[in-house]
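Data block below; observations after.
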Amino acid sequence: MSDIAPEQNPAAPRPSSHGAPMRGDLTQGPILKTLLLFSIPTLISNLLQTLNGTINSIWVGKLIGESALAATANVNIIMFLMMAAVFGFGMATTVRVGQAFGRRDIDAARVTFGSGVGFCTALSAIIGVAGWFLADKLLHLMATPEASRIEALDYLRVVFITMPFGSLSIMLSMGLRGVGDAKLPLYAMILTVAIDIAANPFLIRGIGPFPPLGITGSALSTALANFAGGALMLGWIYRRDLPLRLRGAELSYLRPRGEELRFIIAKGLPMGAQMLIVSSAGLVMVGLVNREGVATSAAYGASMQLWNYLQMPAFAIASAVSAMVAQNVGAGLHKRVSQITWRGMVLNEGVTLVLALVILFASRPLLHMFLLPGSPSVPIAEHMQPVVIWSYVLFGIMMILTGTMRAYGAVITPLVIMFLSMYPARIGFYFAAYGLIGSEALWWAYPFSAVLAVGMTVAVYLHGGWRKNAVRRGPPA
């Protein structure tokens, strides 16, 4: 894999050629070791976040009941749609901050970071207030069951009004990763998860000095935990005088600036849209699986629990690759980018392949964590594993290459590829093949779409003009 040489962009500064390495500098040092050390905290954070959601669901289901659990499920769908945009804007901020940090322009990194934090916090506050008043209508549009409606309304309103805490925490984490710090977001996530898990039963049941708040207590617990995680990051940033701290006149950077805001929105919306495409296609697949009956649906649900963990390394390593590439792009070290991408791909495929083999060879005991022994769903789940699981190994290649492209500011092409692989390929394959192979079309749709997605992504990565265009534009001013 070749990249555009720095000579094609002579204006790009080369920070690696002068001065001592800064803390968080990802433009120097052994690439594989740096990738590994940067990916592990992000991977652990993702695991903790998933575990937190699982445990909170257990608290709600056990302490309140099934109607409350159904209420949170309905609310979580709404909140995912809202937070997808914040994640997209956060990833765009990471890229821009990383490029500025890579060329040693700390003030530009602070301007971008301030614009991202100010914009997303203000946006989430506006959405939160509007959501408070529109919550009932949103639940009506989702056809939320009446048995869960009142609880869902209480839960949703608290989630909406406290949304800025979660947005701020996300933006702080994303900005820190842009300047090469993945450990502080991990420490904040550990604190967040610990508080959320511990506070849920106290606020739900009203243990000790706390009044019983029911499902509202669960939402407040999450908000308090997010607040604590964000406070930890902010406090540490200022105590250690980290690059992203804003003081004095720099606080005006929190007012989004035109050029920065245009970049964050223009690049962030397609990134967030990718998450929505994947999620919406997943919902369509769930509906198609449900047509096959309860046993198949349960088998698919249990398998998804395993596949969620299988794709976590790819998310973490792709995030690390994107942050490293962004800094190297800012530094004008384009030849180093191909090395980062290749090593990231090898690392990801190695880890994902090992996990895939573990799931395959230990599928029965793993599935028994979710399904009862002797359940008719177990053989169905075991049958789908060797067909579907390899698609996640293949999609890891796409995610690494997309992480590199994203760091150059190329976001539209990956969005188009994701749409084509999810809908015309995966969903289209199901409808085209169902008449021939029946329910087998559900499982073979996964590798079919994965092969097409990887093929398109590799072709674009090797032969597309996205890299030349990005280099020609040069680093952001």
Side-chain angles (χ1 to χ4, degrees), residues 24 38-39 41-43 45-46 49 79-101 108-128 163-186 188-189 192 226-227 229-230 232-234 237 242-244 246 253-254 256-257 260-276 278-279 315-316 318-327 399 402-403 405-411 414-415 476:
F38 196 77
S39 300
T42 304
L43 175 59
S45 294
N46 293 342
Q49 195 168 28
M79 291 316 300
F80 179 85
L81 297 175
M82 300 299 173
M83 298 309 292
V86 177
F87 274 110
F89 297 141
M91 287 187 283
T93 301
T94 298
V95 169
R96 188 83 156 181
V97 167
Q99 289 178 351
F101 190 77
R110 289 172 180 165
V111 169
T112 297
F113 176 67
S115 294
V117 170
F119 171 65
C120 287
T121 305
L123 179 64
S124 60
I126 293 171
I127 292 174
M163 189 177 171
F165 296 150
S167 296
L168 178 61
S169 184
I170 290 171
M171 295 304 298
L172 288 171
S173 297
M174 295 289 196
L176 285 165
R177 291 186 179 113
V179 295
D181 189 348
K183 290 184 179 179
L184 182 52
L186 170 60
M189 180 58 68
T192 299
N226 285 329
F227 176 81
L232 174 65
M233 285 186 281
L234 277 176
I237 287 170
L242 298 183
L244 294 182
L246 303 177
Y253 296 166
L254 292 170
R257 304 195 172 195
E260 303 301 319
L261 187 58
R262 283 192 293 272
F263 181 92
I264 291 170
I265 293 176
K267 306 301 181 183
L269 284 177
M271 293 182 195
Q274 285 189 52
M275 297 175 61
L276 295 180
V278 173
S279 298
F315 281 116
S319 176
V321 166
S322 189
M324 286 186 69
V325 170
Q327 286 197 19
M399 293 180 68
T402 298
M405 295 168 68
R406 185 170 64 222
Y408 273 84
V411 294
L415 174 64

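For the atom pair Leu232 CG and Leu184 CG, the distance stands at 6.0 Å (nearest 0.5 Å). Note that CD1 of Ile237 is 8.5 Å distant from CG of Leu246, once rounded to the nearest 0.5 Å. Atom-to-atom distance recorded for Thr192:OG1 and Met233:CE is 6.5 Å, nearest 0.5 angstrom. Separation of atoms OG (Ser169) and CE (Met174) is listed at 10.5 Å; rounding is to 0.5 Å. Considering OG1 of Thr42 and CE of Met189, their distance stands at 10.0 Å, rounded to 0.5 Å. Summarising the geometry, atom CG belonging to Leu234 is positioned 5.5 Å from atom CG belonging to Leu168; distances are rounded to the nearest 0.5 Å.
Listed by chain and number, the residues in a side-chain contact (heavy atoms from CB on, under 4.5 Å) with Ser322 are Val95, Arg406, Ala407 (sequence neighbours excluded). The side-chain hydrogen bond (donor to acceptor under 3.5 Å, both in side chains) test applied to Thr112 returns Glu260, not counting sequence neighbours. Every residue was checked against the ring-ring contact (aromatic ring centres under 6.0 Å, His included) condition with Phe38, not counting sequence neighbours, and none meets it. Met399 pairs by the side-chain contact (heavy atoms from CB on, under 4.5 Å) definition with Ala314, Phe315, Ala318, not counting sequence neighbours. Applying the ring-ring contact (aromatic ring centres under 6.0 Å, His included) test to Phe165 and every residue at least two apart in sequence or in another chain returns Phe227. With sequence neighbours excluded, the residues satisfying side-chain contact (heavy atoms from CB on, under 4.5 Å) with Ile265 are Phe89, Phe119, Leu261, Leu269.
Counting heavy atoms from C-beta on, the side chains of Arg96 and Ile264 never come closer than 4.5 Å. For the pair Leu242 and Asp181, the minimum side-chain heavy-atom distance is below 4.5 Å.
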Next on the checklist: Run Leu172 and Phe113 through side chain to side chain contact (heavy atoms under 4.5 Å, CB included) and show every step you take.
Outcome noted: CA-CA 8 Å; Leu172 288 171; Phe113 176 67; 3.5 Å; yes

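When atom types are taken as modelled, the side chain of Ser124 and the backbone of Thr121 share a donor-acceptor pair closer than 3.5 angstrom. Arg110 places a side-chain N or O within 3.5 Å of a backbone atom of Pro243 that can act as its donor or acceptor partner.
Residues Ala323 and Arg177 approach most closely at CB-O, 3.6 Å, considering heavy atoms. Pairing each heavy atom of Ala320 with each of Ser39, the nearest pair is CB-OG, 3.3 Å. Nearest heavy-atom pair, Pro414 versus Gln274, reported as atom, atom and distance to 0.1 Å: CB-NE2, 3.7 Å. The minimum heavy-atom distance linking Pro256 with Gly118 is given by the pair CG-C, 4.3 Å.
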